[in-house]
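Encoded as structure tokens, the structure appears first; notes follow it.
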Protein chains: 2
Amino acid sequence: MKNRLKVLRAMRDWSQADLAEKLEVSRQSVNAIETGKYDPSLPLAFRIADLFGLPIEEIFERGE
Amino acid sequence: MKNRLKVLRAMRDWSQADLAEKLEVSRQSVNAIETGKYDPSLPLAFRIADLFGLPIEEIFERGE
DNA sequence: CGAGGATGTCAAGCGACATTGTCATTGTGA
DNA sequence: TCACAATGACAATGTCGCTTGACATCCTCG
């Protein structure tokens, strides 16, 4: 499951550590999600969506 | 994290077993999600949303 | 009454999510 | 050149999502 986290983060000039802090998860979790190691839990997906002000569907993509 | 699964399912007159089969998960998983024991994974949340033709945000609710 | 469908729940097990801690690599700036 | 931020990665650990299998309860229908 791909996502646009890296792009959305870059648009705001945030580091992975910055994003992790805003989401209240570890930097490693942000990195793992960005690099596709695993998908976030649904609650975390909601926090991400809320943070960027976008629906989940526009951040995470179905497929593969 | 609350959800409207039970209602959406009732509207279509599906049993938990029916829904489980359509989602390709176990009946116990459907039951656990409906009764709030845990939240579905993001991929499963997408499958649920697709099945009901609704955005994830309209099936699952932030809060508690 | 008795059979069967629907629901709720428990246990045991496995893999996925998330953690802390650590290390290597790359790039930028003083 | 040297320090440091940023990123990627690995190990060990703990919890959560999901499974199969089993059992109890409730309801309805013949």
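Chain naming here is simple, since letters A, B, ... match the order of the sequence lines and numbering starts at 1 in each.
- Near DNA chain C, meaning a heavy atom under 4.0 Å from it, residues 36-44 of chain A has A/Tyr38, A/Asp39, A/Pro40, A/Ser41, A/Leu44 in order of number.
- Between B/Lys6 and C/dG8, a side-chain N or O to OP1/OP2 separation shorter than 4.0 Å is present.
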Can you give one letter per nucleotide of nucleotides 20-30 of chain D, 5' to 3': B if a protein heavy atom sits under 4.0 Å from the base, S if only from the sugar-phosphate, - if neither? BBB--------
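- Nearest heavy-atom pair across B/Ile56 and B/Ala45 is CG1-O, 4.0 Å.
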Between the protein and nucleotides 24-29 of chain C, which nitrogen or oxygen pairs come in under 3.5 angstrom?
none

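- Among residue pairs with one or both ends in residues 27-44 of chain B, those qualifying as salt bridge (charged side-chain N to carboxylate O under 4.0 Å, His left out) are B/Arg9-B/Glu34; sequence neighbours excluded.
- In this structure, B/Arg47 has no salt bridge (Lys or Arg N to Asp or Glu O under 4.0 Å) partners at least two apart in sequence or on a different chain.
- In this structure, the side chain to side chain donor-acceptor pair (under 3.5 Å) partners of A/Ser26, at least two apart in sequence or on a different chain, are A/Ser29.
- Taking five base pairs at each end of the helix from C/dC1-D/dG30 to C/dA30-D/dT1 and finding the rotation axis that steps the C1' atoms of four pairs onto the next four gives two axes whose angle is 30°, to the nearest 10°.
- Atom CD of B/Glu34 is separated from atom C1' of D/dG17 by 16 Å (rounded to the nearest Å).
- For B/Glu58, the side chain to side chain contact (heavy atoms under 4.5 Å, CB included) test picks out B/Leu54, B/Pro55, with sequence neighbours left out.
- Contact annotation: A/Asn31 does not reach the phosphate of D/dT7 (side-chain N/O to OP1 or OP2, under 4.0 Å).
- Look at B/Arg9 and you'll find a side-chain N or O under 4.0 angstrom from OP1 or OP2 of C/dT7.
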Between the protein and nucleotides 2-4 of chain C, which nitrogen or oxygen pairs come in under 3.5 angstrom?
none

Verdict with reasoning, A/Glu61 to A/Asn3, per side-chain contact (heavy atoms from CB on, under 4.5 Å): CA-CA 6 Å; A/Glu61 300 166 10; A/Asn3 66 72; over 6 Å; no
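- Shown here are the salt bridge (Lys or Arg N to Asp or Glu O under 4.0 Å) partners of A/Asp18, two or more places apart in sequence or in another chain: there are none.
- Pairs of residues two or more places apart, or lying in two chains, that qualify as ring-ring contact (aromatic ring centres under 6.0 Å, His included) and include a residue from residues 7-35 of chain B are B/Trp14-B/Phe52.
- Residues from residues 10-20 of chain A placing a heavy atom under 4.0 Å of any atom in DNA chain D, listed by number, are A/Ser15, A/Gln16.
- Computed from coordinates, the B/Arg47 CZ to D/dG17 P distance equals 14 Å when rounded to whole Å.
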